[in-house]
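Here the structure is laid out as structure tokens; the discussion comes afterwards.
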Amino acid sequence: MFRTHDCNALRKSDIGQQVTLAGWVNVTRDHGGVIFIDLRDREGLTQVVFRPEENAELAREAHTLRSEDVIQVSGRVAARLPGTENPNLASGDIEIIPSKLRILNRADTLPFPIDTEPQNEDLRMTHRYLDLRRPRLSRNLQVRHRVAKATRDYLDSQGFVEVETPILSKSTPEGARDFLVPSRIMPGKFYALPQAPQQYKQLLMVAGVEKYFQIARCFRDEDLRADRQPEFTQIDIEASFVTPDDIFAVTEGMLAAIFKAAFNVDIKTPFDRLTYREAVSRYGSDKPDRRFGMELVDLGEIFRESSFKVFRGVLDAGSVVKAINAKGFAGITIGQVDELTEIAKLHGAKGLAFIKIENGEWKSPIVKFFSDAEKAALKSKLQIEEGDCVFFGADKWEIACEVLGRLRLRIAEIQELHGRARPEPAPRGEGAPDWDFLWVTDFPLFEWSPEENKWNAMHHPFTRPKAEDMPLFDAKKFPDVRAEAYDVVLNGVEIGGGSMRIHEPQLQEKMFEVLGITAEDRQSQFGHLLHALRLGAPPHGGIALGLDRLVMLICGEQSIRDVMAFPKNNRGIDLMTQSPSEVDPRQLRDLSLKLAKDKKT
RNA sequence: GGAGCCUUAGCUCAAUUGGCUAGAGCGCCGCCCUGUCACGGCGGAGGUUGCGGGUUCGAGCCCCGUAGGCUCCGCCA
């Protein structure tokens, strides 16, 4: 037996016991005579004391110990000398007086210190196994496990069955770029790694599974971000004979179970709901962060008859004038104005108009165009006070909302209005950050793609239109057709989304038609699904939640890389294994593949 | 595909205006130290300033290029 206890197990009540511990040397404090070793395992720290007068040979050996050496010590649990207890350590009342020391493995000089927050992510990734030893990442992995287990337990309790679906699957033209896997047996043909188990889970509904879930790995060959990896994990859920309310209820129950398991906190259910239209109008985003105000206010009423030509012209053209009031932001610097203007232009605005309220004065080049009545109306509608700064967006609804929404988030960031990143999870229940859950519903069914000059499905091509919007669909008023689709948002981050699916073959055909998929392509790419819909497909719908993002938020991390064991960097490279890598020409020959051009040398 | 920031010792960072024999803390090595918990003290080793050009009497610093890292936009049904 390697050990009798872990390094966070021994307390006052164990004094006098003979124990054996094993772990890593966290730190050594060598006084020449007495030597202290903090022994660490994943559970915590225990202090080991070597005294030359008790065992000179052991002390001599202990003197050679360095950080991250792996050792085993056997000895007696002793009370610390009065006054030397360490209240910062769970095991701080006791220490081990060893009678035996085994050095299981010595460690080289470390590439980076693991007892401080390392800055160089490159280095951390190259030695990820070392990085993961750090208590924070070790904790993140454990939280992730708790979340996954709570998910399985809850969904099982609700009658959901976990079914695995293929990783080697079929490429489809819709959506993200596929990762491809060449077939050896079928030269020239390729599997695709699934972007999501979407079609499989619908086919499982046709198969009569009724309630399916899977903690599923998904793959998308797109450019990366802090919260995007080429492979990531979804909690994938699908059920038959359900309405959106059923999906909402099971999702809320599951998230409640997850937060109970991870934090022992009770989150408030049911979640609030906002329509897409409302979310974008009020927050300039389809995933609003509602933990602070600064809502978008429509000023159409005020400027409808204005003599200020810019606003009047925008309104006359059917566009909108909106504003946000950044409370206490009149002290904005020139650099910040430039940055915000840059953001506004980047998202389609021509410029950025704003008013600073300083020393009782409205400072802005546009104020002189406002009448007294307009100023009074602005003041009451935006609740303008001394020290505020008001930003305007005058443009088409989509652009004005988007621009002000982006400004709102950036200003909040500058003012640190939303909860700061926490280095440690909040203590159980207490002082926990606000967990603002929200459903956003009634997404548009289609979005226009100017590049492709065609309609695309906003969610995916299997999403059903809202029943009351079917007349609009039939009348080809595509921009106005709403989908039976929804997202679940947590603190301004989209953590999941889903929809009711099309179960009627005729409607699915119509949908493909609008999306510009030829009858031939429909058969070759979706023939199996269309056929299945003809053989007794029940009404069904579901949702998928991004497990990585959810765990990231729960752990208070800024990047999903910090909640994945072995993530890739922002070019999709695993720095530890150096993958992707070149392969032996024979492997290519087996696959009937030839590289288009020789690699650059 | 585009933009921004970054790259100096194993790690984290300094280095006034272009003047330098490139420093500090941690780590490492050696010596000392018997109650620390980021132990302490003394000494030492460790650098082609990412790489390649250029300007200059002189470049870590200025210019051009290039590689790598991070963040964002596009993209991600």
Side-chain angles (χ1 to χ4, degrees), chain A residues 26-39 45-54 56 59 63-64 66-68 78 80-89 91-92 95 97 107-127 130 172-178 195-196 198-199 218-230 232 339 342-343 345-348 402 406 409-410 413 443 445-447 449 451 455-463 483 485 494 497-499 511 515 517 544 546 558-559 561 569-571 573 575 600:
Chain A
N26 197 54
V27 69
T28 65
R29 291 179 294 279
D30 185 343
H31 291 243
V34 67
I35 300 162
F36 299 98
I37 303 286
D38 286 346
L39 189 63
L45 294 175
T46 298
Q47 175 165 284
V48 183
V49 190
F50 295 88
R51 293 203 196 96
E53 68 269 24
E54 299 219 5
H63 177 72
T64 68
R66 295 291 178 271
S67 288
E68 298 309 306
R80 292 202 185 184
L81 300 185
T84 67
E85 301 88 354
N86 185 349
N88 300 320
L89 213 58
S91 64
E95 58 197 10
I97 315 289
D108 284 352
T109 301
L110 304 179
F112 56 87
I114 75 165
D115 56 348
T116 53
E117 274 301 303
Q119 308 295 313
N120 190 337
E121 204 172 2
D122 195 0
L123 202 66
R124 288 174 51 195
M125 290 304 168
T126 310
H127 308 273
L130 193 58
T172 54
E174 293 280 321
R177 191 178 296 112
D178 287 318
Q195 299 171 26
Q198 182 59 37
Q199 292 188 49
C218 305
F219 306 86
R220 293 176 193 177
D221 190 5
E222 298 289 350
D223 287 352
L224 274 44
R225 289 282 191 283
D227 62 353
R228 274 183 359 211
Q229 282 273 303
F232 59 98
E339 188 197 337
E342 197 59 38
I343 292 171
K345 285 182 174 168
L346 197 60
H347 293 94
E402 162 102 20
R406 297 269 182 177
L409 287 177
R410 181 59 192 139
E413 203 171 56
F443 277 82
L445 184 61
F446 298 106
E447 62 187 347
S449 165
E451 297 83 26
W455 291 102
N456 281 338
M458 190 156 177
H459 186 49
H460 56 55
F462 318 109
T463 303
E494 180 202 323
S499 62
M511 186 73 189
L515 296 174
I517 302 173
Q558 300 291 308
S559 166
R561 288 192 291 266
N569 75 359
N570 69 354
R571 291 200 302 161
I573 297 169
L575 291 168
K600 286 174 253 166

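This is a predicted model, so every value here is computed, not measured. Values below: all heavy atoms of this structure, side chains included; hydrogens, waters and symmetry mates excluded. Quick note on labels: first sequence line is chain A, next is B, and so on, each numbered from 1.
- Separating the C1' atom of B:A22 from that of B:C37 is a span of 36 Å, rounded to the nearest Å.
- Look at B:A3: its Watson-Crick or wobble partner, with both distances under 3.5 angstrom, is B:U71.
- Looking at heavy-atom distances under 4.0 Å, A:Asn456 makes no contact with the nucleic acid at all.
- Shown here, B:A24 forms a base pair with B:U12; the pair counts as Watson-Crick or G-U wobble because both key distances fall under 3.5 Å.
- B:G50: Watson-Crick or G-U partner is B:U66, with both key distances under 3.5 Å.
- Comparing the C1' positions of B:G54 and B:G74 gives an interatomic distance of 35 Å, to the nearest angstrom.
- For A:Gln229, the side chain to side chain donor-acceptor pair (under 3.5 Å) test picks out no residue, with sequence neighbours left out.
- The shortest distance between the side-chain N/O atoms of A:Arg29 and the OP1/OP2 oxygens of B:U36 is not below 4.0 Å.
- Taking atom C1' on both nucleotides, B:G40 is separated from B:U34 by 13 Å, rounded to a whole Å.
- In a base pair of the Watson-Crick type (N1 to N3 plus N6-O4 or O6-N4) or a G-U wobble (N1-O2 and O6-N3), with each distance short of 3.5 Å, B:C31 is matched with B:G41.
- For A:Arg29 and A:Asp38, the salt-bridge test passes: some basic side-chain N is under 4.0 Å from an acidic carboxylate O.
- Per the geometry, CD belonging to A:Glu222 stands 13 Å off C1' belonging to B:G1, to the nearest Å.
- In this structure, A:Glu85 reaches the bases: a heavy-atom distance under 4.0 Å links it to at least one base atom across the strands shown.
- Note: CD (A:Glu342) to P (B:G2) measures 17 Å, nearest angstrom.
- Distance check on atom C1': B:A24 versus B:A67 gives 29 Å, rounded to whole Å.
- Of the nucleotides present, none pairs with B:C76 by Watson-Crick or G-U wobble criteria with both distances under 3.5 Å.
- Scored by the side-chain contact (heavy atoms from CB on, under 4.5 Å) test, A:Ser67 finds A:Leu110 as partners (sequence neighbours excluded).
- Here B:C39 presents its P atom at 16 Å from NE2 of A:His63, a figure rounded to the nearest Å.
- At the heavy-atom level, A:Leu123 lies under 4.0 Å from the strands shown only through sugar-phosphate atoms.
- For A:Glu402, the side-chain contact (heavy atoms from CB on, under 4.5 Å) partners are A:His347, A:Arg406, not counting sequence neighbours.
- In this structure, the CG atom of A:Leu81 is 14 Å from the P atom of B:C37, given to the nearest Å.
- Ring-to-base geometry does not place A:His31 in a stacked arrangement with B:C33 (centre distance under 5.5 Å, plane angle under 30° required).
- Of the possible polar contacts, one joining the A:Ser559 side chain to the A:Ala226 backbone as a donor-acceptor pair under 3.5 Å is found.
- Annotated as syn: B:C20, whose glycosidic dihedral is within 90° of 0.
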(message) For a quick check, with a 4.0 angstrom heavy-atom cut-off, what is the B/S/- contact string for nucleotides 66-74 of chain B, read 5' to 3'?
(response) --SSBBSBB
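- Here, B:C6 and B:G10 have their P atoms 22 Å apart, quoted to the whole Å.
- Residue A:His31 qualifies as enclosed at atom NE2: its count of foreign heavy atoms under 6.0 Å is above 12.
- Looking at heavy-atom distances under 4.0 Å, A:Thr84 makes contact with a base.
- When atom types are taken as modelled, the side chain of A:Ser91 and the backbone of A:Leu45 share a donor-acceptor pair closer than 3.5 angstrom.
- As rounded to the nearest Å, B:C39 and B:C26 have P atoms that lie 11 Å from one another.
- Distance check on atom P: B:U7 versus B:U16 gives 14 Å, rounded to whole Å.
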(request) Please step through salt bridge (Lys or Arg N to Asp or Glu O under 4.0 Å) for the pair A:Glu339 and A:Arg410, ending with a clear verdict. (result) CA-CA 9 Å; A:Glu339 188 197 337; A:Arg410 181 59 192 139; 2.5 Å; yes
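- As a whole-Å value, the separation of A:Glu494 CD from B:C76 P is 13 Å.
- For A:Glu342, there are no salt bridge (Lys or Arg N to Asp or Glu O under 4.0 Å) partners at least two apart in sequence or on another chain.
- Listed by chain and number, the residues in a side-chain contact (heavy atoms from CB on, under 4.5 Å) with A:Asn569 are A:Arg571, A:Ile573, A:Leu575 (sequence neighbours excluded).
- When each of B:U36, B:C29, B:C11 is scored by its nearest atom to the side-chain atoms of A:Glu95, the top-ranked nucleotide is B:U36.
- In this structure, the CZ atom of A:Arg80 is 16 Å from the C1' atom of B:U34, given to the nearest Å.
- For A:Arg220, counting side-chain heavy atoms from C-beta on, the closest listed nucleotide (B:C76, B:C37, B:C28) is B:C76.
- Among the nucleotides B:C33, B:C76, B:U34, the one closest to the side chain of A:Ala176 is B:C76.
- Nucleotides B:C20 and B:C61 have their C1' atoms positioned 12 Å apart, rounded to a whole Å.
- Distance, A:Phe50 CZ to B:U36 C1': 14 Å, rounded to whole Å.
- Annotation: of the two residues near RNA chain B, A:Pro111 and A:Gly32, the 5′-most nearest-nucleotide partner is A:Pro111.
- In this entry the distance linking CD1 of A:Ile35 with P of B:C37 reads 16 Å, nearest Å.
- Of all nucleotides present, none satisfies the Watson-Crick or G-U wobble test against B:G18 with each distance under 3.5 Å.
- In this structure, A:Phe36 packs face-to-face on the six-membered ring of B:U36, meeting both the 5.5 Å centre cutoff and the 30° plane limit.
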